[in-house]
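In what follows, a single structure is set out as structure tokens and then discussed.
These figures come from a predicted structure and were not determined experimentally. The basis for the numbers below is simple: all heavy atoms, side chains too, and nothing from hydrogens, waters or symmetry mates. By convention in this document, chain letters (A, B, ...) are assigned in the order of the sequence lines, proteins followed by strands, and residues within each chain are numbered from 1.
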Amino acid sequence: MKFIHNIKEKVKIAFGELYNFDIDSKEVLINETRKEFDGSYTVVLFPFIKKAKTSPQELGVKLGEYLTDHLDFVSGFNVVKGFLNLEFEGSFWVEKLQSILSSDSYGNLPQKGEKVLVEFSSPNTNKPLHLGHIRNILLGWSTHKILEAAGYKTIKTQIINDRGIAVCKSMLSWQLFADGATPKTKGVKSDHFVGDYYVLFDKKLNEEYSKWQQKEEAIDVYNSSRKENEAKEIFFKRYKNTYFNEFSDLGKQAKAMLIKWERNDEKVRNLWTQMNDWCYEGFDATYKKIGVDFDILYYESDTYLLGKKSVEDGLSKGLFYKKEDESIWVDLEDSGMDQKILLRSDGTSVYMTQDIGTAQKRNEDHHCDKMIYVVGDEQEYHFSVLFEILKKLDEPYSDGLFHLSYGMVDLPTGKMKSREGTVVDADDLVADVIGEARVSAEERGDIVSFTESEKSELYRKIGLGALKYFILKVDPKKRMVFDPKESVDMQGQTGPYIQNAYVRIQSVLRKYQELKKDIKTENYNPEQIEADIIQKLVNYPNEVDIAAASYDPSRIATYGFELAKMYHKFYHDLRILTAENDLAMAFRIELSKCVSKVLAHSMDLLGIEMPERM
RNA sequence: GGCCCCGUAGCUCAACUGGAUAGAGUACCUGACUACGAAUCAGGCGGUUACAAGUUCGAAUCUUGUCGGGGUCACCA
């Protein structure tokens, strides 16, 4: 977008020459002209009318004349209120198209020489992935693609929560109730198999809890700990966690198992390895289906002891403090936060300790300039605290930390609640969208020549294209409603709509191959819609840059739709292979090629693949 | 209750970070295939940007207050 910069510079010079005042060229605001007016780009004049001591109209005309005279690509102008609309030479757009066409990496920005680590997904190994993970995974994947395009080196990682009481629940449940069953003997996908025992644990615990509530012990607890007027039901709902920790037999067993795990008990460790392997096998299948992978994995079982040393170091430097009971804390009240515990009184670590250690380990491993954490917005406070602590510790990467916080995914019926069984399973979801794509594709019947495996590959591309677009088009930080019916729509602002624009172009290009004409297009004078499309194409690198800087894939999603929409209109209004003359045909082929390149590039940034036919 | 985020067409989302008459999709109504692919295109309907005040040339966007929704305030992760 160098020419935008040139315009700004010329505006600065013009103000000096015409009105004798000086500005910074950065103060000049240039927008794309709204489509109800003539012109391509618009200079906003309001900020300068005081200094110019004239009316917006006169300033606009003077400046417009100056720019038309001094910039060869400006062919004319019009002034509406305080807006100077600049009209561009057709040859300018034709040249721009040529330069996009000849670039084989259009949309990839120059290398920035920085390395960024992107953490996403990060599941627990006690149940399969669900819709919430899907939003996380798609955002993380897309963010890494966008950063790569923007010139960063990236490392995709996750922290796998493979230990702790939740994992022990599944393990214990399997040990008590499975009677040696395996995913194979049950014929169930292996991560779902593990999840089933997690659910079963909760069921058994509830049974145990209900029985306990009849006992005298429970009634004593109720009478002594309830709030005023609190009904039994409500009290016991609230009390469940305490029950688990203090009275439950299953709870005792699970906690005993956790302790054995920490002591490296061979039997427990073997069971743990087995069940985690089942999870990983299932997760990998899901990742593969979605089309994502990771460069390096971190496991909580390896990292949960990290960070202690830094806390001790921080303590000796006086950054942290120790209470009488030997627990270690940090005081962040100067930064508007609380006091936070970093090490328990018994010397064991907490979540925060671990995250400090993990960040340091990652930096030692990869020397990152930035680290992006894709984690739901319920952990915003945790990450502001973490980042503040890392700053206090003077970590070299601490200015490059970012919590890519995204809103929860709701269903039309409300929140997803695992207890109420309304959680949308990731594998089911993926299977549904692919199934829906099959139905739509078969209705259209343009794929009879496809083999079975080509067909299923196509359904996968279309179904996932619909799903991914549906989720990524929403601004990450906003909570979103996921309507399963709308997520499989293939018309309107959807992934398949964009894929369809691409497919149409491929079809035209295939036919053009047979004609094989070689015509120079530099003398072509583009139609309005053609110039508009080129303007859109020219803006693409800028969009990539902004999306990278704001970690926001939804910008790319919107861009892709707008470009596809313009192309569909162009395709409808103008003829390509049967154009008025060979010059127009050649130009429109070039334009189509460029559009298909940018569509494919932008959708690739979202993890959406383009079929050649559909 | 303290702090943080959000509130835009019936529904799902935009609005280049303070710029023009707030735009798309969907749903509903209408028109365009003996067209290079109709998963398309064109038109209609739909808004006091939750409400109120303020800041200025100009506010969905910034400030304050009210109402409504969510999150978070563990020696859990």
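As rounded to whole Å, 10 Å separates atom P of B/C33 from atom NE2 of A/H572. With rounding to whole Å, A/K169 atom NZ is found 14 Å from B/C76 atom P. Computed from coordinates, the A/N124 CG to B/C76 P distance equals 16 Å when rounded to whole Å. The nearest whole Å value for the distance from the NZ atom in A/K35 to the C1' atom in B/A14 is 12 Å. At whole-Å resolution of the value, CD1 in A/I341 and P in B/C76 are 8 Å apart. Summarising the geometry, the separation between CZ on A/R135 and P on B/U12 is reported as 14 Å, rounded to the nearest angstrom. Atoms CG (A/D162) and P (B/A77) sit 14 Å apart, rounded to a whole Å. As rounded to whole Å, 12 Å separates atom C1' of B/A74 from atom CE of A/M352.
Neither side chain, A/D489 nor A/T494, offers a donor N or O lying under 3.5 Å from an acceptor on the other. Counted by atom type alone, A/T42 and A/N85 present one or more donor-acceptor pairs between their side chains at under 3.5 Å. Between the side chains of A/N539 and A/Y559, not a single donor N or O lies within less than 3.5 Å of an accepting N or O. A donor and an acceptor atom, one from each side chain of A/S592 and A/Y567, are located under 3.5 Å apart.
Using a 4.0 Å heavy-atom cutoff across all strands shown, A/I165 reaches no nucleic acid atom at all. Note on A/V44: a base of the nucleic acid sits closer than 4.0 angstrom, heavy atoms only. Nucleic acid contact for A/E300: sugar-phosphate only, since backbone atoms but no base atoms lie under 4.0 Å from a heavy atom of the residue. Heavy atoms of A/R479 sit under 4.0 angstrom from primed sugar atoms or phosphate atoms, though from no base atom. Among the heavy atoms of the strands, none lies under 4.0 Å from A/M408. No contact: A/L343 has no heavy atom under 4.0 Å from any strand. Residue A/T494 is classed as having no contact, given no heavy-atom separation below 4.0 Å to the nucleic acid. In this structure, A/T578 reaches neither bases nor backbone, as no heavy-atom distance under 4.0 Å exists between it and the strands shown. A/N85 comes within 4.0 angstrom of a nucleotide base, judged by non-hydrogen atoms across all strands. Residue contacts shown for A/N542 are absent, as no nucleic acid heavy atom lies under 4.0 Å away. Base engagement by A/F37 is indicated by at least one non-hydrogen atom pair under 4.0 Å involving a base atom. When heavy atoms are screened at a 4.0 angstrom cut-off, A/L574 is found touching base atoms of the nucleic acid. Nucleic acid contact for A/Y497: sugar-phosphate only, since backbone atoms but no base atoms lie under 4.0 Å from a heavy atom of the residue.
When both distances must be under 3.5 Å, the Watson-Crick or G-U wobble mate of B/G1 is B/C73. The nucleotide B/G58 finds no pairing partner, because no Watson-Crick or G-U wobble arrangement with both distances shorter than 3.5 Å includes it. B/A14 is unpaired under the Watson-Crick or G-U wobble criterion, no partner having all donor-acceptor distances under 3.5 Å. Across the strands present, B/C28 finds its partner in B/G44; the criterion is a Watson-Crick or G-U wobble pair with both atom distances under 3.5 angstrom. Of all nucleotides present, only B/A50 satisfies the Watson-Crick or G-U wobble test against B/U66, with each distance under 3.5 Å.
A gap of 14 Å separates the C1' atoms of B/G7 and B/C13, to the nearest Å. Distance noted for atom P between B/A53 and B/U40: 44 Å (whole Å). Across B/A42 and B/G58, the matching P atoms stand 37 Å from one another, rounded to whole Å. Rounded to whole Å, the separation between the C1' atoms of B/U61 and B/A50 comes to 16 Å. Rounded to a whole angstrom, the distance from the C1' atom of B/A59 to that of B/C45 is 28 Å.
Contact annotation: A/R34 side-chain N/O to B/G23 OP1/OP2 distance is under 4.0 Å. At B/G37, one or more side-chain N or O atoms of A/Y571 fall inside 4.0 Å of OP1 or OP2 (strictly under the cut-off). Between A/K81 and B/U21 there is a side-chain polar atom (N or O) within less than 4.0 angstrom of OP1 or OP2. Proximity of A/K565 to the phosphate of B/A39: no side-chain N or O atom is located under 4.0 Å from OP1 or OP2. The side chain of A/K478 contributes no N or O atom lying less than 4.0 Å from OP1 or OP2 of B/U12.
When distances run from any side-chain atom of A/Q354 to the nucleotides B/G37, B/A77, B/C41, the shortest one goes to B/A77. Comparing B/C41, B/A39, B/G23 against the side chain of A/I462 picks out B/A39 as the nearest. When distances are taken from the side chain of A/R504 to each of B/U40, B/G70, B/A24, the shortest belongs to B/U40. Closest to the side chain of A/R444, out of B/A39, B/A77, B/A24, is B/A39. The side chain of A/D573 sits closest to B/C41 out of B/C75, B/C41, B/A14. Among the nucleotides B/U26, B/C6, B/C16, the one closest to the side chain of A/Q491 is B/U26. Listed nucleotides B/C36, B/G19, B/A77 differ in distance to A/Y351; the shortest reach to its side chain belongs to B/A77. Of the candidates B/G37, B/U72, B/C41, B/C41 carries the atom nearest the A/H568 side chain, counting heavy atoms from C-beta on. In the set B/A24, B/U12, B/C13, the nucleotide with an atom closest to the side chain of A/F561 is B/A24. Here the side chain of A/V508 is nearest to one of B/C41, B/C75, B/C36, namely B/C36.
The base of B/C75 lies close enough to the side chain of A/S345 for a donor and an acceptor atom to sit less than 3.5 Å apart.
Looking at A/S384, its side chain does come within 3.5 Å of a backbone N or O of A/Y381 through a donor-acceptor pair. Under the 3.5 Å distance criterion, the side-chain polar atoms of A/R135 are left unmatched by any main-chain donor or acceptor of A/L131. Not one N or O on the side chain of A/T348 forms a donor-acceptor pair closer than 3.5 Å with the backbone of A/R344.
A salt bridge does not link A/K593 with A/E590: every distance from a Lys NZ or Arg NE/NH1/NH2 to an Asp or Glu carboxylate oxygen is 4.0 Å or more. Remark: A/E442 does not engage A/K455 in a salt bridge, criterion side-chain N to carboxylate O under 4.0 Å. Look at A/K340 and A/D338 and you find no salt bridge, because none of the NZ, NE, NH1 or NH2 atoms lies under 4.0 Å from a carboxylate O.
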Would you list the protein and nucleotides 2-5 of chain B atom pairs, both N or O, that sit under 3.5 Å from each other?
none

Tabulate atom names and distances for all N/O pairs under 3.5 angstrom spanning the protein and nucleotides 57-64 of chain B.
unit_1	atom_1	unit_2	atom_2	d
B/C57	OP1	A/K50	NZ	3.0

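Taking the six-membered ring for Trp and thresholds of 30 and 60 degrees, A/F15 and A/F21 have nearly parallel ring planes, at less than 30 degrees apart. Classified by interplanar angle (parallel below 30°, tilted 30° to 60°, perpendicular above 60°), the ring pair A/H382/A/Y351 is parallel. Using the six-membered ring where Trp is involved, A/F383 and A/H403 have ring planes that are tilted, between 30° and 60° apart.
Taking the six-membered ring for Trp and the full ring otherwise, the centers of A/Y198 and A/F201 sit at least 6.0 Å from each other.
Base orientation of B/U17: syn (glycosidic angle within 90° of 0).
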